[in-house]
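Shown next, in structure tokens, is the structure this report addresses.
This structure is a prediction, so every number in the text was calculated from the model and none was measured.
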Amino acid sequence: MPEVKKYKSRVVPLLFILILVSSATYMFYAWKQSINTISTEALKVAETAKLLFSEKEIDELNINSTDVDNNEYQHLKSHLMEIVSLNKNVRLAYIYVQRSNKLFFALDSEPASSKDYSHPGQEYTEASPDYSRPFLYGKSLITKSSTDRWETLISVLVPIKNNETGKTVAVFAMDYPASSWNNEALLSVVRIGIITLAVILLFIIFVILNNNNKIKERADQVIKDKIKLETIVADIGDGIFVIDKDLKITLFNPKASEISGFSIDESLGRPYHEILNFEFEKTGEVNDVFIKQAFATGKIQEMAQGTFLCRKDGKRVAVTDSTIPLKDKNNNVIGCVVVFRDITKEKEIDRIKTEFILVASHQLKTPLSGIKWSSEILLGDKIKTPSIEQKKYLDNIHSSNERMIKLVNDLLNVSKIETGIDLTSKRKKVDIFKLVEKVFEDNKTLALAKNINIVNVGNLNQELFLNIDEGKIREVLDNLISNAIKYSKINSKVDISCIKLDNDILFSVKDDGIGIPKYQQKRIYEKFFRGDNAISQETDGNGLGLYIAKTLIEAHGGNMWFESGENEGTKFYFSLPIY
Amino acid sequence: METKKTILIIEDEKILRESIHIGLESDKFQIIEARDGEEGLIVALREHPDLILLDLIMPKVDGMTMLKKLRSDDWGKAVPVIILTNLTSSNEQRNNDVVELTPSYYFEKTQMSIDQIIEKVNEILF
């Protein structure tokens, strides 16, 4: 579309220039054409008029003052006078002869009393060389305009020839004022000029009307868009205000007014910080860094969690959302749109949900703890030792209970993940190698039961402190290592490794177990998903462990992946950033 | 003969209280019990046990309130306390309380076997 607009914007001036150039060319052509037509007409008139004068009659003249009394002279002169009177544009008509390369008037159309009169035999001294040419070539011609004692004239010269010899004996001349020809030619040019002007005028009117229509269409569209935008801004469920570069409010929607308690009228035109105080929930300090940063960086900014807006009535409202910078053509920030939302209800629902999960899990865990510890007492040596058969069933109770405890804990973790609770809230500096070693030691008993050789390689006897939630990473490590043992064959081997790379640590645990079938590998991190071969081998397991482990690692900024094939063993990896 | 170490178990759930009691019973320990925070505080201040195993959610006075009161006593401020609860320790305020009310240890019941509890008690007392 911009290309089309660019093209259209060039067409109008080009058309305008084209009309001007073609008009100028046509006017020049018309001028020339007009002069040609006048010349041809004048020549025709002169050649026709010349027929009134015979070579014999002229030959009888003496070409001196004595001719004046000659009847023939008077007769010829009357013809000349008649010619001038009949042709308005003809200034003078006369006949001249050539003697000894000099030109002499024979007779003219002027009465003797006229100041323009030339008497017979008077030498034509002002004549240009053009006047001699009819004697030389015997052809008619039109002279260039020249100024003599009369005025600036153009002469049409027609030779009067001897019928027998073909020799020019005299020349009949008709003088036209150059101005009369020019005026006539100018008239035709003016006519074309007027037509051109009319065309240009029509063109301009067309362009203006067309533009006006477009402007009107654009204006209508802008008004429609404005109404649409105003309706959206007014009806939207979020508070919106716009500030200019002087931080003054230029737009304040009804929802913003409802949340803040300030009316639209008392908000517009005021610096936002005079009425809208965003504060940190805990400290009460001003928190408008998300607005300042939007101006400074030109990028969208999110409000920090735990931001409150202090209302006009002094009450505090939990809010969230963001600031979007407004930029001009040169990418300079010229203002910001701040969108905010009252999240009081959401926070309350969140709090209730979290509380419910905590209480529910506590209520579930209490009887589970009772079964756990009671069965441990029965299985231990504190009271009468149970029979082998009794012990078998007590073991079943205990292991089923352990599974139930794990399921409740896993469900609690999943619930925390899905309610968006910070999974790394208890970050502190923890020696990752030591933590791996601890979990490795904890799982040795499990490995021993299947006679599995469990080996910890990697950066042993070193220290590397990572900023992690120890409990959560311990859970991941325990999940991966215990899985490797659980799904390994008896008498096999499990290799654990934790090494330091440039920016991360890389943990891996490799087993020679049943592996993960290729066709199910994509689903391995889905909640409650377990591979077909895993279900048939181990009834234990709830399919939540890997989902939780991956989520916990990603919450720490790390990644988790694996390499596996059915009956080819599995190698799980995770990385954690070092910082 | 070595003096027996006195351990006070403050736990409202009878089954849990008895399980720990039996588990800890030995020549080394003298076990006393309390069924809620209020009773626990009275017994603790009277008997001055060497170690307290403390539940958190209990009737009358909860474990954290009891612990705060205990720590305001001259004797009570130094006695080691093992908090055994099924409340997940994700509550920030509670974690802060535990840090301030040292020497304290925080464990989830379902994550601790009786043997692990005995091991922890021995570790603290000997």
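- Within 6.0 Å of atom CZ in A:Phe356, 12 or fewer heavy atoms from other residues, nucleotides or ligands are found, so the atom counts as exposed in its surroundings.
- Contact of the B:Asp115 side chain with the A:Glu376 side chain is not registered, since no non-hydrogen atoms from C-beta on lie closer than 4.5 Å.
- Crowding of B:Lys69 atom NZ: a count of heavy atoms from other residues, nucleotides or ligands under 6.0 Å not exceeding 12.
- For the set A:Thr366, A:Asn401, A:Leu368, the count of heavy-atom pairs under 4.5 angstrom toward chain B peaks at A:Thr366.
- Residues B:Ser19 and A:Ile377 approach most closely at O-CD1, 3.3 Å, considering heavy atoms.
- For the pair B:Thr110/A:Val408, no side-chain contact is recorded, criterion being any heavy-atom separation below 4.5 Å from C-beta on.
- No part of B:Glu18 comes within reach of chain A, as not one of its non-hydrogen atoms sits under 4.5 angstrom from that chain.
- Between B:Ile15 and A:Ser374, the shortest heavy-atom distance links the atoms CG2-OG, 3.4 Å.
- Here the side chain of A:Lys365 pairs no donor or acceptor atom with the backbone of B:Lys109 at under 3.5 angstrom.
- Heavy-atom neighbours of B:Arg35 CZ from other residues, nucleotides or ligands within 6.0 Å: at or below the threshold of 12.
- Within 6.0 Å of NZ on A:Lys345 lie no more than 12 heavy atoms contributed by other residues, nucleotides or ligands.
- Residue contact with chain B, scored on non-hydrogen atoms closer than 4.5 Å, is absent for A:Asp469.
- In the model, A:Ser361 has no side-chain atom that pairs as donor or acceptor with a side-chain atom of B:Asn86 under 3.5 Å.
- With respect to chain A, the highest number of heavy-atom pairs below 4.5 Å among B:Asp55, B:Ile114, B:Ile22 belongs to B:Ile114.
- Under the 4.5 Å side-chain criterion, counting only non-hydrogen atoms from C-beta, A:His362 is not in contact with B:Leu56.
- A donor-acceptor pair under 3.5 Å links the side-chain atoms of A:Trp373 to the main chain of B:Met112, judged by distance alone.
- Within the model, atoms CD of B:Gln111 and NZ of A:Lys372 stand 7.5 Å from one another, a figure rounded to the nearest 0.5 Å.
- Closest approach of B:Glu25 to A:Lys382, counting heavy atoms only: O-NZ, 2.8 Å.
- Other residues, nucleotides and ligands contribute over 12 non-hydrogen atoms within 6.0 Å of the CD1 atom of A:Ile352.
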